[in-house]
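So that the names make sense, note that chain A is the first sequence line, chain B the second, and so on, each numbered from 1. Just so we're clear, the structure is a prediction, and the values are computed from it rather than from any experiment.
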Amino acid sequence: MQEKNDFIDFKDFPKNYDYKVVEEKISKYWEDNDIYKFSPEDKGKRVYSVDTPPPYVSSAHLHVGHVMSYSQAEFIIRYKRMKGFNVFYPMGFDDNGLPTERYVEKKYKINKSKITREEFIDLCLKETKIGIDIYKSLWRSVGISADYSLSYSTIDERCRKTAQKSFLDLYGKGLIERRNEPILWCPQCRTSLAQADVLLEEFAGVLYDIEFKSDEGKSLIISTTRPELLGGCVAVYANPADERYRFLEGKSVKTPLYDKNVPVKYDESVDMSYGSGLMMVCTWGDSEDVKKWKEHNLDTAIIIDRAGRLNELSGGYKGLNVKDAKKSIVENLRKMSLVKSEKPLNHNVGVHDRCSTPVEFILAEQWFVKILENKEKFIDAGNRMSWHPQFMKTRYDEWINNLKWDWNISRQRFYGVPFPVWYCSECGEAVVAHEAELPVDPAVSMPINAKCAKCGGSKFIPENDVMDTWMTSSLTPLINSLWSYEDAESKKIYNTIYPMGLRPQAQEIIRTWLFYTVVKSVYHTGDIPFKDVMISGWGLDRNGKKMSKSLGNFVSPEEITVKYSADALRYWASKANLGQDLRFSEEDVANGRRLTIKIWNAVRFLITNAESDFNPYEKNIKELKLSRIDEWILTEFENTLKSCGNYMESYEYSLCMRTLQDFFYNSYCDNYLEIIKNVFWDESEENSERKKTVLNIMYFISLNAVKMFAPFMPFITEELYLSFYKRYEKDKSIHISFWPEFRNDLVFNDSLKYSAILLNILDASRKLRTNLNLHQNHKVHKILIQALNQDYIEIINDISGDIRSAVRAERLIFSDKADFKTSDDNILIALEK
RNA sequence: GGGCGGAUAGCUCAGCCGGUUAGAGCAUCGGCUUUACAAGCCGGGGGUCGCAGGUUCGAACCCUGCUCCGCCUACCA
């Protein structure tokens, strides 16, 4: 399989690591050999299933932050694979719904009134396909180990079928219903929204004190930030305990400009100390208006239309949008001296998360999934999952506790999964599809043999709305496990995959993807959707701001992988622990590249010193004649392995990488290899056994360390494995080889007291050489050592060979002439050329 | 308003179930080029651990309060 880096003889092993050639070659090797393929038939292995996040395919926004979060999940997934799990790791693409529509609208500058639904959907599908290809090529280039034969796209047949089955199931269980009530509405996107689609943004507004009049003509001041809604005012409220306004009981007041009489009502929720203690209720300015309108059966005076413009109720302001209307009304009120004061006020306004337009309320018939009545069940499900990091669970709990609306799943859009619903043209009764006919597009087909259950009518009109995109995305564990299919094969997969093992995802979609997925799983299966949740932080730019397309502060992954390699970019991703934001740092990526080069050279040192008859398994390590320093490095390695394993088990991949890198650089390369390397400079016969021993240890440690680097740096580790280690190993990829087993028999606790002294002497000798301007490898005739402690003399005698090797001295002599201090007060050294 | 996370060397971060002179990488300064690696190696300098109290023989670590940064959440119209 080798091309450029092929080598026959060990001495020809390439000096430089050519990542550009290797990464492409290795990607192809993985594909050609199905390295990451899930095998449903493998009975011997436990299954580890991953509920992969389907990113939006409007993919022009891809940046290194995306690579970061996918890589972080991947570190764990690759680790699990090496721990022997049968990994189910699909790739998903979310391409239905509003984000794609908005992307297409912008890209093609579409005017929705001049394009048919079909033409528009075609464009969405076309962009979807382009997006998927871009994603795939990026994931491939950074080494994401998904099994692409398990891919799904949220607009494909399986997803449409699953989403519609979910609807039918919930409908059948009475958990879904159609209601006519005020709903959250985006005037920009012209669609209704769910609470989760609305974010709060702080606006610098103005609080206007406006004069109303009582029946007797008494002046009443009402504070409001939304005077443009005056025409929709249906009541004025005071707190029942507020003596100032008791006299208004049973009376009405007159609104300014419109001179409309509205009733005065009382409610505990009115804050007496806010403004004048009077508040106006309009239909509808905010959720408080909706609440009072419902509880007190107030009149309805809808003043804003679906485009966010004022209607005829506003009188002369008809056709103006909210912003202009406010300006104009305030101007007129000022002229009439009805604005008594104006105070700047920062307040939070709900905006649509996709377009940042302030949301309004309108009245419409919509489908709702009931969620308010089962909050406790969802909290309980959250408690049954493991959260990494744990504190992210707080956000989940808080979101549920603060829910105020059932989940509105109707969207007045084109591109999405249709409702499997028609309405009787006679009486309006809803008729739902049969499960057997899913997926169904009610605009294209009619209900099978259906008669209206209410009036017996046989003519139907289709539901034109599409379902909220989260209605589909929330089903990913059920989509992946083929829940909507009844055949035996699918049922088997379902039982194998569900509930899933891991859900990796970003923090900002806890309230949507995560929460809705729990809702669906609890409702459909009574179970949790997955056992472990890992929530990644954000990729930040160099200045600490969240990377995003709209801010233009994003770094393109291609640019970085071309310059530094994919392994190096992944190394950067490993720098942040789970849930932490990570600044992009080109220096860290460069460090990643340095690490790959270090690994390459350390392994190359072994390869070029091994003879062609080298056999690492000729003897078990325990049978070798180990020196104290060999025992020490084995001990250090085993301790590192143990820590790293524990870190990976607890999702602390960052600490694993740090620990491993520290071991590899400091213990293995800078000390062990430096101490033993001169054994290869000496051709004498008496050295040959020592050489073999050292080669075996180097093989053992470097292979296992390379395996441990493999989840983080899949390309270089695979290249080293295939081009060298595989001559002695059986697996066809390092990524399906076993993560090293901890071996207690290779922990030599005694060795630490020897190594401490040796390293202390080596350290001092390095300082001394620096002081003497002496090259570190330059041989010296003698090392003089003064040990002020009898135990030390014995120890030093015991390891004198290792010491001489380490400090490149021909002889070791105890002498009180040694005067250079080491960090141990009981040892002094000197070097003699 | 409530909550969560963070504040440790010039920069990015470890350490935080209390225990010897607080660590790493980068940056900086000095030295070293036949013998794995100059995209390298060796060495040096650099920190009153956000602030103020408290508990303790002992606090970066535990407790209380505060300040600043980021985020989540909330009906002050």
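Using a 4.0 Å heavy-atom criterion, one finds that Tyr274(A) contacts the bases of the nucleic acid, with or without backbone contacts as well. Within 4.0 Å (heavy atoms only), Asn348(A) reaches at least one base atom of the nucleic acid. Heavy atoms of Ser223(A) sit under 4.0 angstrom from at least one base atom. Counting any heavy atom pair closer than 4.0 Å across all strands shown, Arg593(A) reaches a base atom. Counting non-hydrogen atoms under 4.0 angstrom, Glu268(A) reaches nothing in the nucleic acid. Residue contacts for Lys15(A): at a heavy-atom cut-off of 4.0 Å it reaches the sugar-phosphate backbone alone, with no base atom in range. Within the 4.0 angstrom heavy-atom criterion, only backbone atoms of the sugar-phosphate kind lie near His347(A); the bases stay farther away. Counting non-hydrogen atoms under 4.0 angstrom, Arg511(A) reaches the backbone sugars and phosphates but no base. Looking at heavy-atom distances under 4.0 Å, Asn346(A) makes no contact with the nucleic acid at all. Among the protein residues, Glu398(A) comes within range of the nucleic acid bases, having at least one heavy atom under 4.0 Å from a base atom. Counting any heavy atom pair closer than 4.0 Å across all strands shown, Asp286(A) reaches sugar-phosphate atoms only and no base atom.
When the nucleotides rC71(B), rG30(B), rA77(B) are ranked by their closest atom to the side chain of Thr770(A), rG30(B) comes out on top. The nucleotide whose nearest atom lies closest to any side-chain atom of Arg766(A) is, among rG5(B), rG43(B), rC72(B), rG43(B). Each of rA14(B), rA74(B), rC32(B) was ranked by its minimum atom distance to the side chain of Asn773(A); first place goes to rC32(B). In this structure, of rC41(B), rU35(B), rA74(B), it is rC41(B) that holds the atom nearest to the side chain of Tyr665(A).
Under the ring pair (Phe, Tyr, Trp, His ring centres under 6.0 Å) rule, Phe724(A) has a single partner from Phe605(A), Trp600(A), Phe10(A), which is Phe10(A).
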- prompt: RNA chain B in dot-bracket, Watson-Crick or G-U pairs under 3.5 Å, [ ] crossing, | other strand?
  reply: ((((((((.[[[[.)...(...]]]].(((((.......))))).....[[[[[..)....]]]]])))))))....
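Distance check on atom C1': rG44(B) versus rA7(B) gives 29 Å, rounded to whole Å. With both ends at atom P, the span from rG6(B) to rC26(B) equals 26 Å, rounded to whole Å. Distance noted for atom C1' between rG25(B) and rC4(B): 29 Å (whole Å). Across the P atoms, rA22(B) and rC69(B) are found 31 Å apart, a figure rounded to whole Å. Nucleotides rG46(B) and rC11(B) place their C1' atoms 13 Å apart, quoted to the nearest Å. When the C1' atom is used for both rA24(B) and rG47(B), the distance is 14 Å, rounded to whole Å. Straight-line distance between the P atoms of rU28(B) and rA52(B): roughly 33 Å, to the nearest whole Å. Here the separation of rU33(B) from rC42(B), taken at their P atoms, is 15 Å to the nearest Å.
Rounded to whole Å, atom C1' of rC13(B) lies 11 Å from atom OH of Tyr571(A). Between Asp588(A) atom CG and rA14(B) atom C1' the separation is 13 Å, expressed in whole Å. Rounded to a whole Å, the CG atom of Leu831(A) is 17 Å from the P atom of rC32(B). In this structure, the CG atom of Asp541(A) is 13 Å from the P atom of rU12(B), given to the nearest Å. Rounding to whole angstrom units, CH2 of residue Trp538(A) and C1' of rC71(B) are separated by 6 Å. Rounded to a whole Å, the CD1 atom of Ile400(A) is 13 Å from the P atom of rA74(B). In this structure, NZ of Lys291(A) is placed 13 Å from C1' of rA74(B), rounded to the nearest angstrom. Asp824(A) has its CG atom 14 Å from the C1' atom of rU20(B), to the nearest Å.
A donor-acceptor contact shorter than 3.5 Å links the side chain of Asn553(A) to the backbone of Lys546(A).
Between rA7(B) and Gln580(A), no contact under 4.0 Å exists linking OP1 or OP2 to a side-chain N or O. Taking side-chain N and O atoms only, Lys598(A) has no distance below 4.0 Å to OP1 or OP2 of rA36(B). For rC41(B), the OP1/OP2 oxygens have no side-chain nitrogen or oxygen of Arg769(A) closer than 4.0 Å. Under 4.0 angstrom from either OP1 or OP2 of rC42(B) there lies no side-chain N or O belonging to Lys767(A). Using a 4.0 Å cut-off, some side-chain N or O of Lys404(A) falls inside it from OP1 or OP2 of rC75(B). Side-chain N/O atoms of Arg594(A) include one lying less than 4.0 angstrom from OP1 or OP2 on rG40(B).
Between the side chain of Glu674(A) and the base of rC37(B), at least one donor-acceptor pair of N or O atoms lies under 3.5 Å.
Seen from the ring of Tyr237(A), Lys292(A) counts as a face-on cation partner, given the 6.0 Å and 45° thresholds.
Not less than 6.0 angstrom separates the ring centroid of Trp185(A) from the ring centroid of Phe361(A). Two rings, from Trp387(A) and Tyr396(A), have their centers less than 6.0 Å apart. Aromatic ring centres of Trp407(A) and Phe378(A): separated by at least 6.0 Å. In summary, the aromatic rings of Phe709(A) and Phe664(A) are positioned with their centroids under 6.0 Å apart.
Each of Asn601(A) and Thr225(A) was assigned the nucleotide of RNA chain B with the nearest heavy atom; the assignment lying further toward the 5' end belongs to Asn601(A). Positionally, the nearest nucleotide of RNA chain B for Gly544(A) lies more toward the 5' end than for the other of Leu345(A) and Gly544(A).
Under the 3.5 Å distance criterion, with hydrogens and angles disregarded, a donor-acceptor pair is assigned to the side chains of Trp538(A) and Glu508(A).
Considering every non-hydrogen atom in both Leu278(A) and Ala238(A), the closest pair reads CD2-CB, 3.8 Å.
Aromatic ring pairs are classed by plane angle as parallel below 30°, tilted from 30° to 60° and perpendicular above 60°; the pair Phe584(A) and Trp572(A) is perpendicular. Between Tyr19(A) and Tyr17(A), the ring planes lie tilted relative to each other; the angle falls in the 30° to 60° range.
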